[in-house]
Q: 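Structure provided below as structure tokens; questions to follow.
Protein chains get the first letters and strands the later ones, always in sequence-line order, with residue 1 at the start of each. Model, not experiment: these values are computed from the prediction.
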Number of protein chains: 2
Amino acid sequence: MGKRGKSNRFNVLLNYKLWLSSISGEGIISEEVHILLVGIHDKNSLKAAAEDAGISYRKAWGDLKQAESLLGYDLTEKTRGGKKGGQSVLTPAALKLLEAYAALQKKLDDAVEEAYLELKKKMEN
Amino acid sequence: MGKRGKSNRFNVLLNYKLWLSSISGEGIISEEVHILLVGIHDKNSLKAAAEDAGISYRKAWGDLKQAESLLGYDLTEKTRGGKKGGQSVLTPAALKLLEAYAALQKKLDDAVEEAYLELKKKMEN
DNA sequence: TACCGATATGTATATCTTTGCATAACGGCA
DNA sequence: TGCCGTTATGCAAAGATATACATATCGGTA
């Protein structure tokens with residue numbers, strides 16, 4: 001055995017969740033919307049993106065709508081009918097948001113990781 | 001009017017939520033537990049802490065129990081009966097956790113604030 | 001010893017969220 | 001023009017989460 005036992009091992013994980021909200025706090029853009037947008041970027045389809053994200057189309061559609069209403073501009077350009085039945089394509093604004101969000105998430109992932117290690121160290125000391 | 005209008009103002013707030021979980025992910029210690037612990041520290045009463053936190057005693061009690069079970073040790077020393085009816089007092093381990101958590105929260109608050117400003121800047125440019 | 005107020009816990013109720021249809025509109029294409 | 005697949009949207013049903021309520025235990029104190 002080593003010098004110190006495993007008795008006071010701090011065996012818990014640190015999780016976090018991000019979301020954007022209106023100033024008043026009602027409407028929100030959850031991380032799920034980010035995942036949806038990535039999916040739409042890949043497939044040009046809200047339906048497919050919802051499936052990939054593992055949520056119902058109904059919810060995906062509602063979430064996206066709320067996000068657009070909150071931001072005040074469209075994140076997708078939707079068309080119905082046609083050969084493929086219709087599609088949802090990201091707007092330039094959505095692409096910009098995706099890019100900015102990726103940077104933000106990376107920064108916070110790092111900060112959380114770092115904070116977690118410090119917490120663990122303090123709790124295991 | 002200034003040089004740039006307020007048209008592309010990114011009028012949304014960045015929120016986040018932290019929690020600890022078991023490796024397997026079932027049990028969790030939510031931020032609410034942190035608030036509860038602070039309340040217990042102040043009042044030496046779970047009942048009072050729950051009221052302050054604005055949640056039911058039933059939930060507060062369940063949350064605390066889950067947290068203790070997840071950590072594997074007690075966060076409070078509870079007594080029933082007596083002059084005041086009983087009380088809940090934080091254990092040294094809970095105090096240590098509170099301290100470590102405060103530092104963690106400060107660090108993340110700062111990181112989020114910083115990340116938010118960057119996001120805003122990118123989205124408003 | 002009866003009472004008080006807090007902890008302890010099960011269970012029913014209410015509230016909130018998500019899903020699951022159902023149904024309509026749309027526009028290429030066979 | 002009828003079919004297909006997707007977007008669009010309302011509404012009922014199902015699931016998850018929190019509250020409310022009931023009841024028991026405990027130990028000082030009047």
Side-chain angles (χ1 to χ4, degrees), chain A residues 15 17 19 21 24-37 39-70 73-91 94, chain B residues 15 17 19 21 25-70 73-91 94:
Chain A
N15 311 270
K17 197 180 152 185
W19 72 97
S21 73
S24 50
E26 319 109 43
I28 68 161
I29 302 182
S30 68
E31 219 154 33
E32 265 172 349
V33 171
H34 174 233
I35 295 173
L36 273 182
L37 292 181
I40 295 174
H41 188 229
D42 281 3
K43 309 279 184 74
N44 281 345
S45 159
L46 176 55
K47 187 168 186 282
E51 271 159 23
D52 285 4
I55 61 176
S56 64
Y57 173 82
R58 188 63 183 76
K59 176 162 171 11
W61 175 81
D63 285 356
L64 180 60
K65 187 175 185 179
Q66 178 172 243
E68 294 180 329
S69 133
L70 183 50
Y73 51 78
D74 284 353
L75 293 171
T76 56
E77 203 160 300
K78 303 105 171 166
T79 51
R80 289 192 289 190
K83 175 164 49 176
K84 313 177 63 178
Q87 59 174 3
S88 293
V89 181
L90 293 189
T91 59
Chain B
N15 312 271
K17 198 180 151 188
W19 72 96
S21 72
E26 319 109 40
I28 68 160
I29 302 180
S30 68
E31 217 154 33
E32 263 172 350
V33 171
H34 174 234
I35 295 173
L36 273 182
L37 292 181
V38 172
I40 295 174
H41 189 228
D42 280 4
K43 309 280 185 72
N44 281 344
S45 158
L46 176 56
K47 187 170 187 284
E51 270 160 24
D52 286 4
I55 61 176
S56 65
Y57 173 82
R58 188 63 184 74
K59 176 161 174 5
W61 176 81
D63 285 356
L64 180 59
K65 188 175 184 180
Q66 178 172 241
E68 294 179 327
S69 132
L70 183 49
Y73 50 78
D74 283 353
L75 293 171
T76 58
E77 202 158 299
K78 303 105 172 164
T79 51
R80 289 192 290 189
K83 176 167 46 176
K84 314 177 63 181
Q87 59 174 1
S88 294
V89 181
L90 292 190
T91 60

Q: State whether a side-chain donor-acceptor pair under 3.5 Å links B:S45 with B:E51.
A: no
Q: Hey, is the side chain of A:T79 poking within less than 4.0 Å of OP1 or OP2 on D:dT7, counting only N and O atoms?
A: no
Q: Would you kindly compare A:G85 and A:G54 by the position of their nearest DNA chain C nucleotide and give the one closer to the 5′ end?
A: A:G54
Q: Would you say C:dT7 has OP1 or OP2 under 4.0 Å from some side-chain N or O of B:S88?
A: yes
Q: Quickly work out the A:E32 CD to C:dT17 P distance and round it to whole Å.
A: 13 Å
Q: Measure CZ/B:R58 against P/D:dA18 and give the value in whole Å, please.
A: 12 Å
Q: Could you tell me which non-hydrogen atom of A:A50 sits nearest to which non-hydrogen atom of A:S56, and how far apart they are?
A: CB-O, 4.1 Å
Q: Whole angstroms only, please: what is the CD-P distance between A:Q66 and D:dA8?
A: 16 Å
Q: What is the separation between atom NZ on B:K43 and atom P on C:dA6, rounded to the nearest whole Å?
A: 11 Å
Q: For A:G82 and A:K78, take the nucleotide of DNA chain D holding the closest heavy atom to each; which residue's nucleotide lies nearer the 5' end?
A: A:G82
Q: To the nearest angstrom, how far is A:Q87 atom CD from C:dG27 atom C1'?
A: 12 Å
Q: Should we say atom CD of B:E77 is surrounded by more than 12 heavy atoms from elsewhere, each under 6.0 Å from it?
A: no
Q: Taking atom C1' of C:dA6 as reference, at what distance in whole Å does atom NZ of B:K84 sit?
A: 10 Å
Q: In terms of side-chain heavy atoms of A:K83, which of C:dG28, D:dC11, D:dT29 is nearest?
A: C:dG28
Q: Is any side-chain N or O of B:K47 closer than 4.0 Å to OP1 or OP2 of C:dA6?
A: yes
Q: For C:dG28, does the base pair up with any side-chain atom of A:R80 as donor and acceptor (N or O, under 3.5 Å, distance only)?
A: no
Q: To the nearest Å, give me how far apart CD (B:E77) and P (C:dA8) are.
A: 11 Å
Q: Does the B:T91 side chain pair with the main chain of B:D74, one donor and one acceptor, at a distance under 3.5 Å?
A: yes
Q: What does B:G86 touch in the nucleic acid at a heavy-atom separation under 4.0 angstrom: a base, only the sugar-phosphate, or nothing?
A: sugar-phosphate
Q: Tell me: NZ of B:K59 to P of D:dC21, nearest whole Å?
A: 19 Å
Q: Once you round to the nearest 0.5 Å, how far does CG of A:L46 lie from CG of A:L36?
A: 6.5 Å
Q: Assuming nearest nucleotide by heavy-atom distance, tell me which of B:I55 and A:Y57 is located more 5' along DNA chain D.
A: A:Y57
